[in-house]
Amino acid sequence: MENGNKTIAIAGLGKIALDQHVPAIANTSGFRLAATLSRNTSLEDIPGFTTWETLRATGPRLDALAICTPPQVRMELAYLALEVGLDVLLEKPPAATVAEILALKAAAKRQGRVLFASWHSRHARAVPAATAWLADKKIRKITVTWRENVRQWHPGQSWIWQPGGLGVFDPGINALSILTAILPAPLAADLHVTAADLEVPENCATPIAARLTLAAPGGLEASADFDFRQTGIQTWSIDIETDSGHLALQAGGADLFLDGQPQPNDPNRGSEYEELYRYFARLVQSRRSDVDISPLVLVADAFLLGRQIPTEAFHD
Ligand code: NAP
């Protein structure tokens with residue numbers, strides 16, 4: 001891949017940018033990190049800017065921008081970046097609303113820029129093998145269990161609890177991004193939410209737990225259990241009963257079990273984010289966008305159909 005001369009900036013130097021994006025860009029050959037855009041944080045050896053205007057006026061020439069801010073403030077920046085001719089990678093979820101991401105998709109097309117609405121969990125190491133195994137199976141039942149400790153993974157992130165922050169759907173949408181990627185066609189497109197219970201702390205705007213029922217024509221049974229209150233062992237698993245065996249994806253898509261037997265992992269795969277940046281580099285090179293909004297549509301529909309259940313206040 002000869003994208004090494006492509007320059008990229010990261011916007012929103014928070015937990016995921018520092019934990020994953022900065023090392024993944026350094027460890028892959030697609031891009032060179034040339035600048036950061038963040039109000040309160042910068043990196044020692046990379047030019048840092050606190051506003052878009054100063055980045056544009058005095059920053060280095062850029063080919064691309066990776067936007068890692070919370071979803072509520074992602075659209076305007078993405079729009080500005082596309083307008084001045086940058087290719088754009090969006091962290092998940094790609095926007096705070098369906099209309100926002102559809103507008104960005106249209107803007108990218110108008111400007112002839114590459115837009116990548118990334119779903120990092122789709123690059124987890126066992127996802128390709130799960131997709132291949134399911135391709136010729138008839139799916140009978142799907143059970144998603146995504147339970148994690150919000151205090152461990154999202155300390156002090158007040159935006160998660162504000163409108164547009166998604167609450168427990170912030171991790172839950174990762175499960176849905178895997179599910180919509182591994183299910184064979186046309187099931188992935190047919191899957192839809194039919195009911196949702198949303199437990200919302202009395203001092204928050206977004207749910208701390210959610211239970212979804214999903215369906216597809218042909219009598220598929222599917223459910224998802226998302227919970228932010230899990231202490232001890234964390235659970236990120238998808239179980240699928242088929243006409244010829246049982247698939248379990250565990251550890252957020254890292255480990256695959258078929259009929260209970262652990263499957264070998266591809267030793268050549270990099271981390272989720274290294275694979276994500278390799279894929280973005282291929283998109284940029286071939287001038288193709290990838291904007292799959294199906295996980296966001298399922299979450300939006302859970303909010304549309306969801307029954308709100310007030311629950312005790314959450315304090316970080
Ligand atoms: P975070 O730690 O809160 O970082 C987000 C950064 O965005 C902040 O540090 C802040 O940097 C900047 N920002 C700009 N405008 C902001 C605003 N209005 N409110 C708050 N911050 C603002 O969040 P994160 O965990 O990195 O998550 C960011 C995105 O990545 C989310 O969409 C999340 O779903 C996704 N993600 C997170 C994880 C994870 O494990 N945490 C994993 C995968 C994906 P400045 O103050 O310096 O501007």
Side-chain angles (χ1 to χ4, degrees), residues 15-16 19 70-72 91-93 96 119-122 124 126-127 130 141-182 191-215 221-241 247-255 257 272 294-316:
K15 184 171 183 343
I16 200 61
D19 287 358
Q72 295 100 323
E91 246 301 348
K92 48 66 49 168
W119 300 104
H120 64 88
S121 293
R122 288 184 171 176
V127 168
K141 184 176 176 192
I142 300 171
T143 309
V144 176
T145 313
W146 225 253
R147 300 170 73 97
E148 68 178 47
N149 182 352
V150 66
R151 290 188 173 86
Q152 180 179 348
W153 302 104
H154 303 278
Q157 293 182 354
S158 57
W159 57 264
I160 277 197
W161 303 110
Q162 289 158 12
L166 293 196
V168 76
F169 287 105
D170 179 80
I173 203 168
N174 297 337
L176 298 174
S177 76
I178 295 177
L179 193 58
T180 46
I182 64 177
L191 191 70
H192 57 277
V193 175
T194 57
D197 280 347
L198 311 174
E199 287 189 57
V200 182
E202 60 189 21
N203 61 340
C204 299
T206 58
I208 197 164
R211 288 172 297 280
L212 273 52
T213 307
L214 302 105
E221 210 185 309
S223 65
D225 174 1
F226 302 148
D227 206 312
F228 249 160
R229 299 166 297 194
Q230 176 101 336
T231 51
I233 292 173
Q234 308 285 287
T235 309
W236 297 286
S237 66
I238 297 176
D239 286 274
I240 302 185
E241 297 288 347
L247 173 145
L249 258 182
Q250 295 183 359
D255 298 327
F257 297 81
E272 273 181 29
S294 56
L296 185 65
V297 168
L298 292 174
V299 169
D301 283 359
F303 277 100
L304 279 172
L305 290 174
R307 191 168 60 108
Q308 303 257 338
I309 304 168
T311 189
E312 68 183 78
F314 173 80
H315 299 287
D316 213 350

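Heads up: numbering here begins at 1 and tracks the sequence.
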Between [X] and [Y], which heavy-atom pair has the shortest distance, and what is it?
X    : Y    : answer
P201 : T206 : CD-O, 3.5 Å
A248 : D239 : CB-OD1, 3.5 Å
T180 : S177 : OG1-O, 3.2 Å
G252 : E272 : O-OE2, 4.3 Å
A130 : I182 : CB-CG2, 4.2 Å
L305 : A195 : CD1-N, 4.3 Å

| request: Would you please indicate if the ring centroids of W236 and W153 are separated by under 6.0 Å? | output: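 Yes, they do, as the ring centres are separated by less than 6.0 Å.
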
Distance from [X] atom [atom1] to [Y] atom [atom2], nearest 0.5 Å?
X    : Y    : atom1 : atom2 : answer
N149 : I233 : CG    : CD1   : 13.0 Å
S237 : D255 : OG    : CG    : 11.5 Å
Q308 : L198 : CD    : CG    : 5.5 Å

| request: Test L298 against every option in L212, L179, I173, V193 by the side-chain contact (heavy atoms from CB on, under 4.5 Å) rule and name the one that passes. | output: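 In the set L212, L179, I173, V193, the residue that makes a side-chain contact (heavy atoms from CB on, under 4.5 Å) with L298 is V193.
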
| said: Classify the ring geometry of F169 against F303: parallel below 30°, tilted from 30° to 60°, perpendicular beyond 60°. | reply: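 Rings of F169 and F303: tilted, as their planes differ by 30° to 60°.
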
Do [X] and [Y] come close enough that some side-chain heavy atom pair is under 4.5 Å?
X    : Y    : result
D170 : K92  : yes
E148 : F228 : yes
E199 : P207 : no
V299 : P93  : no

| message | Using side chain to side chain contact (heavy atoms under 4.5 Å, CB included), reason through I240 and I238 one step at a time and then give a plain yes or no. | response | CA-CA 7 Å; I240 302 185; I238 297 176; 3.9 Å; yes

| request: Determine, step by step, whether V144 and L214 satisfy the side chain to side chain contact (heavy atoms under 4.5 Å, CB included) criterion, reporting the C-alpha distance in whole Å, the side-chain angles of both residues, the deciding distance to 0.1 Å, and the verdict. | output: CA-CA 11 Å; V144 176; L214 302 105; over 6 Å; no

For [Y], is there any backbone N or O sitting under 3.5 Å from a side-chain donor or acceptor partner on [X]?
X    : Y    : answer
Q234 : G232 : yes
N203 : F314 : yes
W146 : P171 : yes
T235 : R147 : no

| Is the shortest side-chain N to carboxylate O distance from R229 to E312 below 4.0 Å? |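 No.
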
| field | Ion pair check, D225 and R211, cut-off under 4.0 Å | value |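 No, this pair does not count.
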
Quiz: residues 156-165 side-chain donor-acceptor pairs under 3.5 angstrom, not counting sequence neighbours:
unit_1	atom_1	unit_2	atom_2	d
Q157	OE1	H154	ND1	2.9

